[in-house]
Amino acid sequence: QIDDLAEVDYSLNSLPAVFRPFIDLDLKGIVFPAGNYTDSPYVAASFAIPEQSDSMLYLAFSEYFFQTSSFAYYTAGAFNMTIAEEVKSGNSFVFFLFNFFLQTCSYFNINTEIFGSIIPEVAKYSVTPYPVMLKLMATEIPVISLEQDSFTVEIQGSMEVLAVLPDSTTQSLFTMNIAANTSISLNIFDQKLMGSLCLNR
């Protein structure tokens with residue numbers, strides 16, 4: 001089990017190939033929603049590891065592994081989240097992205113007054129600035145593509161912006177569609193695997 005949302009099956013795909021200097025283990029790694037082993041809509045393609053011999057262990061991951069991960073988390077609803085100031089904890093890398101966005105919103109003190117200055121229709125709903133709540137939802141399975149030194153994630157989704165009124169009720173202000181393309185590069189720094197995130201568009 002990876003976390004509360006997903007599990008991984010890394011069964012042997014074939015018998016281990018034992019050679020004099022090395023052993024090849026061919027695993028078919030499938031990520032699926034926790035407690036719900038479902039067939040993936042993707043087809044695993046074979047790939048080869050470049051011939052190298054200067055390290056003790058090599059690990060290679062295919063796009064299929066990341067595609068099934070995306071499918072599993074999408075099916076489990078991990079890409080759907082409500083962001084408000086009281087949100088302080090969550091699961092997995094998905095929450096890290098949303099929490100980063102939340103802290104950015106808090107830093108700029110985004111409220112109905114900010115949106116009202118951009119969208120005149122919003123200003124009609126409130127003269128007094130009210131905090132906002134964001135409801136994010138992925139509308140399609142995020143697409144993950146491997147590249148030479150990084151991988152990209154394309155997410156199609158929607159965001160609903162709501163005003164939080166003094167009586168704790170909410171008023172929907174507007175909904176927008178979102179298409180985001182990000183690049184994630186992995187590097188080893190101080191003996192730790194670190195990731196850097198870049199928003200392409």
Side-chain angles (χ1 to χ4, degrees), residues 1-13 25-47 59-106 110 132-147 150-162 164 170 172 174-186 192-201:
Q1 186 159 335
I2 301 173
D3 53 27
D4 294 338
L5 301 177
E7 300 177 11
V8 60
D9 177 9
Y10 47 92
S11 303
L12 276 170
N13 204 31
L25 291 177
D26 185 11
L27 305 175
K28 185 177 182 180
I30 304 174
V31 181
F32 55 93
N36 183 21
Y37 191 96
T38 56
D39 291 333
S40 168
Y42 305 100
V43 177
S46 60
F47 67 99
L59 294 175
F61 295 92
S62 67
E63 280 190 350
Y64 177 79
F65 176 79
F66 293 105
Q67 288 168 343
T68 60
S69 300
S70 177
F71 172 75
Y73 281 103
Y74 175 82
T75 304
F79 295 99
N80 303 336
M81 179 169 284
T82 299
I83 297 180
E85 290 187 2
E86 63 269 18
V87 177
K88 297 297 181 184
S89 63
N91 292 313
S92 73
F93 176 70
V94 176
F95 176 79
F96 167 77
L97 295 178
F98 288 148
N99 192 49
F100 173 79
F101 184 66
L102 169 63
Q103 293 181 10
T104 303
C105 292
S106 300
I110 294 181
V132 296
M133 177 185 295
L134 309 177
K135 286 189 175 181
L136 299 171
M137 180 180 69
T139 55
E140 296 181 12
I141 302 172
V143 178
I144 299 177
S145 302
L146 298 183
E147 298 180 355
S150 65
F151 60 93
T152 61
V153 181
E154 295 186 19
I155 298 178
Q156 303 282 339
S158 66
M159 179 177 72
E160 182 181 11
V161 179
L162 305 98
V164 181
T170 59
S172 180
F174 62 90
T175 302
M176 65 170 61
N177 293 328
I178 299 173
N181 182 291
T182 63
S183 293
I184 301 174
S185 300
L186 300 178
K192 295 180 179 178
L193 184 63
M194 308 291 288
S196 58
L197 179 67
C198 176
L199 181 63
N200 299 330
R201 65 180 184 271

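Numbering of residues begins at 1 and proceeds along the displayed sequence.
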State the [atom1]-[atom2] distance between [X] and [Y], to the nearest 0.5 angstrom.
X: T82; Y: M137; atom1: OG1; atom2: CE; result: 11.0 Å
X: I184; Y: C198; atom1: CD1; atom2: SG; result: 10.5 Å
X: T75; Y: N36; atom1: OG1; atom2: CG; result: 8.0 Å

May I ask you to decide if [Y]'s main-chain N or O and [X]'s side chain share a donor-acceptor pair within less than 3.5 Å?
X: E7; Y: G35; answer: yes
X: S70; Y: F66; answer: no
X: T139; Y: Q156; answer: yes
X: N80; Y: A138; answer: yes

Using every non-hydrogen atom in the two residues, find where [X] and [Y] come nearest and quote the distance to one decimal.
X: P33; Y: A72; answer: N-CB, 3.7 Å
X: L5; Y: D3; answer: N-OD1, 2.8 Å
X: L146; Y: S62; answer: CD1-C, 3.8 Å

Going by heavy atoms in the side chains, are [X] and [Y] under 4.5 Å from each other?
X: F65; Y: V8; value: yes
X: F151; Y: S183; value: no
X: F71; Y: I30; value: no
X: I144; Y: E63; value: no
X: V132; Y: L162; value: no
X: T175; Y: M159; value: no
X: N200; Y: T182; value: no
X: E160; Y: L134; value: no

Point to revise | Steps toward ring-ring contact (aromatic ring centres under 6.0 Å, His included) verdict (F32, Y37) | key: CA-CA 6 Å; F32 55 93; Y37 191 96; 4.5 Å; yes

Check your understanding: How far apart are the C-alpha atoms of V153 and V143, what are their side-chain angles, what is the distance that settles it, and do they pass the side-chain contact (heavy atoms from CB on, under 4.5 Å) test?
Key -> CA-CA 6 Å; V153 181; V143 178; over 6 Å; no

Point to revise | side-chain contact (heavy atoms from CB on, under 4.5 Å) assessment of S145 paired with T152 | key: CA-CA 5 Å; S145 302; T152 61; 3.6 Å; yes

Review point. Does Y10 OH have over 12 foreign heavy atoms under 6.0 Å away?
Key: no

